[in-house]
Asks: 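Have a look at the structure that comes next, please.
Residue numbers start at 1 and run along the sequence shown.
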Amino acid sequence: MSEESKIDRTDKDSKIGSFYAGKSVFITGATGFMGKVLVEKLLRSTRVKKVYLLIRPKKGLETQVRLEQLMSAKIFNKLKESCPDVMSRVEAVNGDITEHNFGISEEDERILVEDVSVVFHSAATIKFDEDLTKAVNLNVVAVFTIMEICKKMKKLEAFVHVSTAYCNTQFKHISEEIYPMNGDPVGIIDLCKRMDPSVLNSPKMTSQIIGNKPNTYTFTKALGESALVSEGGCLPIVVIRPSIVVAAWREPLPGWLENLNGPTGIVAGAGKGVLRTVYCKREKIADLVPVDIPINLAIAAAWKIASQPSNAIPVYNCTSGSINPIRWGQLETMGMAAIRKYPMENVLWYPGGSYKESALLNTICQLIFHSLPAYMMDSMAYLMGKKPVMVRVVEKMHKAQKAIEYFATNEWKWSNDNVEKLNKELTEVDRRTFNFDLSDLNWPDFIAVYVKGTRQFVFKEDLSTLDEARKHTDKMFWVEKCLQIVFFIVFGQLFTWLFC
């Protein structure tokens, strides 16, 4: 049965499918990880008429070329095979969220105003250590801009804003509401316009401005939510707050991902044998959500706000901790088991190491097991006439680790009443097609899929090389054991010489 026939049959029992049929959608952030999954899901599971994607020309590439690159991602292969004309339903809109009115031309704006019924705003900087001025521009100013565009749209029925579950970390229990005490977005924007960026972006000044927020990302995402309240007016707004977004669970491809953000960097570093130590609290909950969960929730939430308008802005905390929790210690055990079962190619060392619950001990271990070996390897590379790279790799790895330490050593509880209520309102067909219920996710199975996905989609290592990778990993195991024996012999003789 073709994909079109499946959708035809499904639409009859799907309230969500019926809602999207024949409508046009506008998406910002479509070239990002979550954005790609959203585009694929809408095209595959609904009869949406047109999907407009805001795309910025990059590195000399025209917008249309970037659209073709986006659609060449592996997750679209099956869709293009079953629906050869799928590209006719996707249209690039030339623009940049840092520009006035997103830099959209008058003609493109006219089309959006006349045709679009649903808007998904997922464009943002997700760098935790982004300069304050840049984070404000991308995560706050852009929210005001998209709202101004939405207010002109004649057919608008839903505006979905993708936020983060971590924008209110000053509280240990976070409700599904927009908190009023997160600062004045207009005031911060004015401050960024008036003051010298070098002053505002200095660590001391940035720390004073963001106050009780851990970084500029969470600070500006909270301000973005405040902007929705202050300027949203009568727009049909809904907010989706995902926690730590990781690889796909079931769709579009199990394990699919495309970057090293968050825990994926840990998986990749440990898998290659480079990462030996991580500062983390094992008993704390690791609130991970597979990427298909917030995407399905966002699609369903748009239907909900369109069919049942609300005076208040509905907020959906898309988290796993209150439904199906996994702790960092469990993630350590499951992850290492999966890494050894599905080893990566050409590991530099046998995968090992452990989480450290002491920041001082972790720093010492980073020096011994990361930095010193990196300097030794780069020195050897230099002597052999090769380009030294390991020190730079380790420095980047440490920077990435530092960014997630706050989230790996603290814990929060999120209410999810709105998510549960929405799930109960769905038809049986919609629950299957747009699943966002994590209660039946099996964590050991998913972590294995996550590791394989990192291997396959991030490192581009085909699963057919697993046997060869296992042989190499086994070899590195014995190399490690031999070196440990040599070390203990040398240490024992040194101890004997000094004290006996």
Side-chain angles (χ1 to χ4, degrees), residues 59 127-129 257-280 332 335-336 338-356 359-405 451-491 493-494:
K59 296 178 181 177
K127 286 178 64 178
F128 291 160
D129 57 350
L257 71 168
E258 63 169 8
N259 58 52
L260 291 170
N261 294 336
T264 307
I266 295 176
V267 172
K272 287 294 186 180
V274 178
L275 184 68
R276 316 301 293 183
T277 181
V278 175
Y279 178 43
C280 185
E332 175 187 25
M336 194 53 66
I339 284 169
R340 289 169 179 169
K341 186 176 181 180
Y342 305 105
M344 298 175 190
E345 294 178 15
N346 303 315
V347 297
L348 296 176
W349 202 249
Y350 183 72
S354 64
Y355 291 172
K356 306 298 186 297
L360 177 60
L361 178 59
N362 183 67
T363 301
I364 293 170
C365 288
Q366 282 183 330
L367 176 64
I368 296 172
F369 297 113
H370 293 169
S371 299
L372 288 178
Y375 276 103
M376 290 171 64
M377 291 177 71
D378 275 3
S379 298
M380 291 174 62
Y382 178 79
L383 292 173
M384 295 169 65
K386 296 181 179 180
K387 185 179 179 180
V389 296
M390 284 307 300
V391 170
R392 190 169 74 251
V393 168
V394 166
E395 286 175 349
K396 285 185 176 180
M397 186 172 70
H398 286 174
K399 187 176 181 181
Q401 281 184 270
K402 193 69 179 175
I404 67 169
E405 278 181 6
V451 168
K452 284 194 288 185
T454 303
R455 185 187 197 278
Q456 187 176 0
F457 301 116
V458 175
F459 289 120
K460 314 296 184 188
E461 298 174 1
D462 195 271
L463 295 179
S464 63
T465 64
L466 270 174
D467 286 342
E468 192 63 34
R470 288 185 180 116
K471 291 177 183 177
H472 177 70
T473 303
D474 288 343
K475 188 187 300 180
M476 296 310 296
F477 171 81
W478 290 112
V479 168
E480 180 184 84
K481 294 306 172 189
C482 289
L483 286 174
Q484 286 175 348
I485 292 170
V486 170
F487 172 79
F488 282 119
I489 291 173
V490 171
F491 181 79
Q493 290 192 345
L494 181 62

Asks: For L466 and P343, which heavy atoms make the closest approach, and how far apart are they?
Replies: CD2-O, 3.7 Å
Asks: For K399 versus D129, what's the shortest heavy-atom pair and its separation?
Replies: CE-OD2, 2.7 Å
Asks: Check whether any side-chain N or O of E332 sits under 3.5 Å from a backbone N or O of Y355 as a donor-acceptor pair, and report yes or no.
Replies: yes
Asks: With sequence neighbours left out, what residues match E405 under salt bridge (Lys or Arg N to Asp or Glu O under 4.0 Å)?
Replies: K402
Asks: Side-chain contact test, heavy atoms from C-beta onward, threshold under 4.5 Å: evaluate it for L275 versus M397 and give yes or no.
Replies: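 Yes, at least one pair of side-chain atoms sits under 4.5 Å.
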Asks: Are any side-chain N or O atoms of R455 and backbone N or O atoms of D462, one a donor and one an acceptor, separated by less than 3.5 Å?
Replies: yes
Asks: In the structure I gave you, are the side-chain heavy atoms of T465 and H472 within less than 4.5 Å of one another anywhere?
Replies: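 No - every pair of side-chain heavy atoms lies 4.5 Å or more apart.
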Asks: Output yes when a side-chain donor or acceptor of R276 lies under 3.5 Å from a complementary backbone atom of C365, and no otherwise.
Replies: no
Asks: Give the C-alpha distance, both sets of side-chain angles, the deciding distance and a yes or no for side-chain contact (heavy atoms from CB on, under 4.5 Å) between R470 and Y342.
Replies: CA-CA 8 Å; R470 288 185 180 116; Y342 305 105; 4.1 Å; yes
Asks: Residues two or more places apart in sequence or in another chain: which of them pass side chain to side chain donor-acceptor pair (under 3.5 Å) with K272?
Replies: E461
Asks: With T454, which of I266, I339, T264 fulfils side-chain contact (heavy atoms from CB on, under 4.5 Å)?
Replies: T264
Asks: Search all heavy atoms of A268 against all heavy atoms of L260 and return the closest pair with its distance.
Replies: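 Shortest heavy-atom contact: CB-CD2, 3.5 Å.
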Asks: By side-chain contact (heavy atoms from CB on, under 4.5 Å), which residues pair with I368, not counting sequence neighbours?
Replies: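 I368: side-chain contact (heavy atoms from CB on, under 4.5 Å) contacts with I364.
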Asks: Please state whether the rings of Y350 and F477 are parallel, tilted or perpendicular, taking 30° and 60° as the class boundaries.
Replies: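 If you compare the ring of Y350 with that of F477, the planes turn out perpendicular.
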Asks: Where do V451 and M344 come nearest, in terms of heavy atoms and distance?
Replies: O-CE, 4.3 Å
Asks: So, applying side-chain contact (heavy atoms from CB on, under 4.5 Å) with K356, which one of T363, N362, V278 is it?
Replies: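 When T363, N362, V278 are each tested with K356, the side-chain contact (heavy atoms from CB on, under 4.5 Å) holds only for N362.
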Asks: So, for R340 and G352, which heavy atoms are closest and what is the spacing to 0.1 Å?
Replies: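 It is NH2-CA, 3.8 Å.
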Asks: Looking at every non-hydrogen atom in both residues, tell me the closest pair between M476 and V347 and how far apart they are.
Replies: CG-CG2, 3.9 Å
Asks: Verify the neighbour count for atom OH of Y375: are there more than 12 heavy atoms of other residues, nucleotides or ligands below 6.0 Å?
Replies: no
Asks: I'd like to check E258 versus F457 (side-chain heavy atoms, cut-off strictly below 4.5 Å). Are they in contact?
Replies: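 The answer is no, as the side chains (C-beta and beyond) never meet within the 4.5 Å cut-off.
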Asks: When you compare the side chain of T473 with that of P351, does any pair of heavy atoms fall below 4.5 Å?
Replies: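 Of all side-chain heavy-atom pairs linking T473 with P351, at least one is under 4.5 Å.
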Asks: Could you tell me whether a side-chain N or O of Q401 sits under 3.5 Å from a main-chain N or O of T277, the two making a donor and an acceptor?
Replies: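 Confirmed, Q401 side chain pairs with T277 backbone.
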